[in-house]
There are 2 protein chains.
Amino acid sequence: MATLNDVAKRANVSKMTVSRAINHPEQVRPELRDSILHVMAELNYQPNAAARALVSRRTRVVKLTIFEDMDTTEPYYMMLLAGIANELNQHQYALQLATRNSYEVGECDGYILTGIRQKNYAWVEQLKQPVVFFGRNQQGYDYVDTNNYQAIQDSSAYAIQSGYTNLVFVGIAVDEPFEQDRERGFRDFITANQVSGQLVQLANHCHVATDYVRQHWADFPSNTAFICASDRLGIGIEDGIILQGKRVPEDYGVIGFDGVLLNQIASKRLTTMKQPLEAMGRAAVRLLLANIANPGSPATPHDQEKIIINSRLSIAESTR
Amino acid sequence: MATLNDVAKRANVSKMTVSRAINHPEQVRPELRDSILHVMAELNYQPNAAARALVSRRTRVVKLTIFEDMDTTEPYYMMLLAGIANELNQHQYALQLATRNSYEVGECDGYILTGIRQKNYAWVEQLKQPVVFFGRNQQGYDYVDTNNYQAIQDSSAYAIQSGYTNLVFVGIAVDEPFEQDRERGFRDFITANQVSGQLVQLANHCHVATDYVRQHWADFPSNTAFICASDRLGIGIEDGIILQGKRVPEDYGVIGFDGVLLNQIASKRLTTMKQPLEAMGRAAVRLLLANIANPGSPATPHDQEKIIINSRLSIAESTR
DNA sequence: CTGTTAGCGCCTTCAT
DNA sequence: ATGAAGGCGCTAACAG
């Protein structure tokens, strides 16, 4: 593997000039810089990450911590991970995937945290490196999220436009910001538009949603659209409707949330509010790396930065 | 952060003695070693990975490459990843998750490869670091796999024991070793046990399996058990049976493969051949790190090492 | 704008 | 069994 020195010799300059050509190109005479870059390409020079890490006191490792059981996890995280990994790779960063039962070993330059619940905040506060969350939080940490409030409004509006006349919001029974935002979006929508609707919270499992449909079937007039807070719930609702002998999307509509189960499980492809997970993963990395580069951003709360990326409706067969 | 030097001073020895106490403890007088270890604990000393990497010419990064579209990916990989990540963490290694469209950047000490198809082997051959595969391969690379052949025999045997009298193996229409092994297991089983059975290959989607059941319903006498090569297919088959107005497990049995969708999607929990994915991930890492530590193992084929970890039947509601 | 010096934290080599 | 010297590849700080 070629080193800085190799490049320097071949280009008839000192190591420093080469180093500068890479890290502070504006400090090097353009023609010289070009010839250096040329030699670098010739030798297929790749800076040695370890040496850089040593002198810059950076590990070039980012930890992603998923505070949730993998067993029950959505394909969701796989998509997020893809975005995170791709962006990290581009910046020559490696990943350390920490799960619940992984040992607390090794150092890192920063953290991306997801699936956090209230009880985990004590742990978060004690971290010494920059932190970025997935999902809104009131503790002042930087985060990346999607437009939960607006997304449910959009789903609801689409259902109404499609001719459904009654809405049921099927939420997830957790007390977390994302769910609150979605419920608020739904409530505000039916109030503002004088639409008939109701709201329910269920555990996030298919069969729970299916059971719910059976047990409350009397509550659902024809032409009801179910706005669900996950694709799992959406699929369960759809199954429940079909078990009642009714048709989707003719008699009832179903809209999911997430957009990760498409084409995979459901017999009928679900119309769903699709989260741009890959983009969200990338955004989180960029935000984190910016915080790492700017040492004025400790893990302790500062001016909270947020990146909101819009989810968009992916229209399929469960709505008309 | 405490350095080797800090420990050395406090322990009244030279840096080298401390270094040796860590890496070659047998070369240090026991009492001295103990006192050094004591000081290390006192100072909460953690070796600097970058400095080690620099001098040892190791990156302490392992690349995991998934040659498959994330979009269509199984939760499968998430479990694998958890195992890999946990084991890497314990060895102070970081991960670089390479996906199809991630740039080929950065160095690493070794590769874990999964989802490889024939056309990718050219790329694999040109790698300069040790490689471990997920799944059997005939190219001579080390691998970790589950007992595909035996697993299908076990599933089949269980179905017969449970009183089903006809077996259908529902395979995945790919020409890969894992599928060949499973089919071979099935064929050998019905031959050896004189069981009535048939074999089919489908694309790995729920609805394909459901359609298959409808179209070939006449082929399936009551008391047939479907031995499926994935949980997705199993769920699709089950749906198909129910749509025919029959009962599972009373009239028909279904056994899946993988064990990653349990409790999530299916209304009825699937009996499935559960792969020990976490353990397989860990095993792959251990195998790879052994190859990295032993420099006599280049990426090019050598004596092929394999680790086979048994899948075990997880009995649920889709068999009696 | 470019080069020289020094050192990041650790380990290999050689000497004691 | 232990220590001293030197260097891995890179960059910050200072000099010119």
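Of the residues B/Asn148, B/Thr146, B/Asp258, the one that meets the side-chain hydrogen bond (donor to acceptor under 3.5 Å, both in side chains) test with B/Ser311 is B/Thr146. Considering B/Thr65, B/Val61, B/Val62, B/Leu64 as possible partners of B/Gln96, the one that fulfils the side chain to side chain contact (heavy atoms under 4.5 Å, CB included) test is B/Val61.
In terms of position along DNA chain C, the nucleotide closest to A/Ala51 lies nearer the 5' end than the nucleotide closest to the other residue of the pair B/Ser56 and A/Ala51. Comparing A/Leu4 and B/Ser14, the nucleotide of DNA chain D nearest to each residue sits closer to the 5' end for B/Ser14. Both A/Lys15 and B/Asn12 lie close to DNA chain D; mapped to their nearest nucleotides by heavy-atom distance, the more 5′-ward contact belongs to B/Asn12.
Atom C1' of nucleotide D/dA12 and atom CD of A/Gln27 are separated by 11 Å, given to the nearest angstrom. Note: CZ (A/Arg58) to P (D/dC10) measures 18 Å, nearest angstrom.
The side chain of B/Val28 has D/dT2 as its nearest neighbour among D/dC8, D/dT2, D/dC10. Considering only the side chain of B/Arg29, D/dA1 comes nearest among D/dA4, D/dA1, D/dG9.
In terms of heavy-atom proximity, B/Ser19 sits nearest to B/Leu4 at CB-CD2, 4.0 Å.
B/Asn147 places no side-chain N or O within donor-acceptor distance of the main-chain N or O of B/Gln150, the cut-off being under 3.5 Å.
Within a heavy-atom distance below 4.0 Å of DNA chain D, the residues of residues 16-26 of chain B found are B/Met16, B/Thr17, B/Arg20.
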A/Tyr143/A/Thr114 under side-chain contact (heavy atoms from CB on, under 4.5 Å): CA gap, chis, key distance, verdict
CA-CA 10 Å; A/Tyr143 67 82; A/Thr114 173; over 6 Å; no
Residues A/Val132, A/Ile307; criterion side-chain contact (heavy atoms from CB on, under 4.5 Å); working and verdict:
CA-CA 10 Å; A/Val132 168; A/Ile307 299 181; over 6 Å; no
Working for side-chain contact (heavy atoms from CB on, under 4.5 Å), residues B/Tyr45 and B/Ile22
CA-CA 11 Å; B/Tyr45 169 74; B/Ile22 298 169; 3.7 Å; yes
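Interatomic distance, A/Arg52 CZ to A/Gln92 CD, rounded to the nearest 0.5 Å: 7.0 Å.
Boundaries of the chain B contact region on DNA chain C are C/dG9 to C/dT12, first to last in 5' to 3' order (nucleotide atom under 4.0 Å from a heavy atom).
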